[in-house]
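Following: one structure in structure tokens, then a few remarks.
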Protein chains: 2
Amino acid sequence: MSLEAGRVYNFNPGPGTMPLDVLKEVQAEFLNFKDSGESIVEISHRAPQYAEVHAKAKADIKELMGLGDDYEVLFMTGGASTQFALLPLNFATKEHPGSYVLSGSFAEKAYKEAVNLDRAAVVASSKETGYHHVPQQDELTIDPNAAYVHVCYNNTIYGTEYHYVPDTKGVPLFADMSSDMLSRPVDFQKFDFIYAGVQKNLGPAGVTLVVAKKSFLEKSPEKLPTMFKYSTFLKKDSLFNTPPAFCIYFVGKVAAWIKAQGGLKAMEERNTKKAALLYNAIDASNGFYAGHADKVSRSNMNVTFRLPSEDLEKKFIAEAAEKKLCGVKGHRSVGGMRASIYNAMPYEGVELLADFMEKFRKANA
Amino acid sequence: MSLEAGRVYNFNPGPGTMPLDVLKEVQAEFLNFKDSGESIVEISHRAPQYAEVHAKAKADIKELMGLGDDYEVLFMTGGASTQFALLPLNFATKEHPGSYVLSGSFAEKAYKEAVNLDRAAVVASSKETGYHHVPQQDELTIDPNAAYVHVCYNNTIYGTEYHYVPDTKGVPLFADMSSDMLSRPVDFQKFDFIYAGVQKNLGPAGVTLVVAKKSFLEKSPEKLPTMFKYSTFLKKDSLFNTPPAFCIYFVGKVAAWIKAQGGLKAMEERNTKKAALLYNAIDASNGFYAGHADKVSRSNMNVTFRLPSEDLEKKFIAEAAEKKLCGVKGHRSVGGMRASIYNAMPYEGVELLADFMEKFRKANA
């Protein structure tokens, strides 16, 4: 698949690139959704045509994750940042705090919201060593009294990712999977609560995916505001008020696209191959490219690396953009480069970037 | 403007019909937004092309409303239902409660969220008389100690609307304008805080518009969760986390479309003419059609009426749908019919409905 006229390879960290086939489908049916005579942005969320989309998106996501009737899919809003507050409000107390593994900026943000509510504890942290890796099993100190253990499963800014499922000794396991959701098979049943802003792997910013055990979602305290209770979304099938229907519809199409590609196993193979191209370019560069992540925690979603100087980094960004390789600038807190290669980034795009890295090194080393 | 192939006239209460010209523009540029090589659903919310859209949408909305630098436009999520909780959390206390005018179902919902937080009082209510009108100025008992007076400016379910701006004797005036936002000129400067889910007059469900005095937005208590504080959105220009960019982009296009139509004055003329067609059909029906709203509070957005029997109501709905007049069924709590005729409903659609009402009456009276 080569680039269509005018399109670029979009390596931005999120919003991220989406499958071109899905974009085209959405475009084609935009004025008349399922012969309703209305656009998907106009149709009632109580209409049967929408109800079918809503139900199928949920079913496909659960099927991809291999989850059964004990789990429910919710469509919420406000991004992961809102979940950071809702988790302690719904599930933690001062006596039974949420306990956090600190592995990067967003893991810290989640923790700070729980601290602000006075319901937080720390399980482990890799902050002092510069977030080059995610804490490994032997670094975790589990408090059996905690309400949950919270991990950020992929750290977009640092380019690190969990390659194991933490053993939390029976304490419920919660994960922010905003930046690697549905990018690989995971033993999802070991998690009690998973959430993800969708704008990296799954759809347009504006809906937050929650996949969690029903037994947990039912636990919201009665006195919380209606829209802050997971139980409201569980009872009303995420239709207590008008949902962000366009975003849900788009996520449903992406879930169907992932299924058509062969599911999470196929995604993982593809994503691992793509990431290997870039990590090989780093490892073969004799130190010209310095990866940020330790090998044990290298992310298949965000590949982060520095160049020998900031001037060379600026040159790299500019020359890459000329070749339609866009959005490779790293986050200011790490500097350097970050190539985000989510599900929908074509292999060809990554191949071109790896090739460019090699040529750039030869020209500038 | 006649109907395009396959399209229908959509009288649903929300999500509502959108301007066809806007739908076509969005469709045309869906694969390549402003020559970025990316779709609007893919582009970074930090990209200059998006920044321009974000700023212009805000500026156009303020221009349409005739508001200056003392007001700010925020793009939030979670709908009016989330605002119902955020208002008392940010601005009210037990000692200085939010005080509510009860004029319909959503006004009641807003009130109940404040009651749940123990920060609520009632200014006036038309519940006992069946919500046939919105409380008038002489019915309001303003408590000078209240944090704010809250009104629901158009009541979608009952088909009633304020045709005056309440004099609150110096107490800040807050309004839920979800179902009549930007449908007519209002002396918006008399309001301290206005909010609206956009899916009726302004865009796809998924963004909540807030237009409020900066001096109010700054007041959020420090200890609230980050995403529950208006001050976060004010300080970060609604970009603290990834905003629902597609919805904001669409709202921006609708605001530009309203400007191109002649602004709020032109909208009001058009909407009043449309509503008059239906109210005239009701008033000229010798009681065959019984309007729900008292004349003093008739809404120009939602026209509600009953027929002599439920059988006739079912027949009306079915025959209207055959003529591509869709979504006229009323809310279960009022029964009968509701024709929602938001900004984007063409005059021709309402004319056809009025014509159908007349023919149906003659055939069935």
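Proteins get letters first, then strands, A, B, ... in listed order; numbering begins at 1 in each.
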Problem - Test side-chain contact (heavy atoms from CB on, under 4.5 Å) applied to B:S220 - qualifying residues, sequence neighbours left out - result: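 Testing B:S220 for side-chain contact (heavy atoms from CB on, under 4.5 Å), a comparison that skips the adjacent residues, returns B:N90, B:K229, B:Y230, B:S231.
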Exercise for the section: Can you measure from OG1 (B:T82) to CE (A:M76) and round to the nearest 0.5 angstrom? Expected result: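 Reported to 0.5 Å precision, the distance equals 8.5 Å.
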Considering only heavy atoms, which portion of [X] lies under 4.5 Å from any heavy atom of chain B: side chain, backbone, both, or neither?
| X | value |
| --- | --- |
| A:F240 | side chain |
| A:N12 | side chain |
| A:E113 | side chain |
| A:Q199 | side chain |
| A:K24 | both |

Handout entry: Donor-acceptor pair, side chain of B:N116 and main chain of A:K223, under 3.5 angstrom
Key =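 Yes; judged by distance alone, with no hydrogens or angles, the pair exists.
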Practice task
Look at A:S39, A:P15, A:G206 and state which one has the largest set of heavy-atom pairs under 4.5 Å with chain B.
Solution key: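 Option with the greatest count: A:P15.
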Handout entry: For B:K235, salt bridge (charged side-chain N to carboxylate O under 4.0 Å, His left out) partners two or more places apart
Key =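 Salt bridge (charged side-chain N to carboxylate O under 4.0 Å, His left out) list for B:K235, sorted by chain: empty.
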Problem - By salt bridge (charged side-chain N to carboxylate O under 4.0 Å, His left out) - contacts of A:R7 (at least two apart) - result: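 With sequence neighbours excluded, A:R7 shows a salt bridge (charged side-chain N to carboxylate O under 4.0 Å, His left out) to B:E42, given in chain and number order.
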Handout entry: Side chain / backbone / both / neither for B:P243 at chain A, heavy atoms under 4.5 Å
Key =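 The backbone, not the side chain.
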Practice task
Anything in residues 245-253 of chain A with a heavy-atom distance to chain B below 4.5 Å? Please list those residues in order.
Solution key: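 Near chain B, by residue number: A:A245, A:F246, A:F250.
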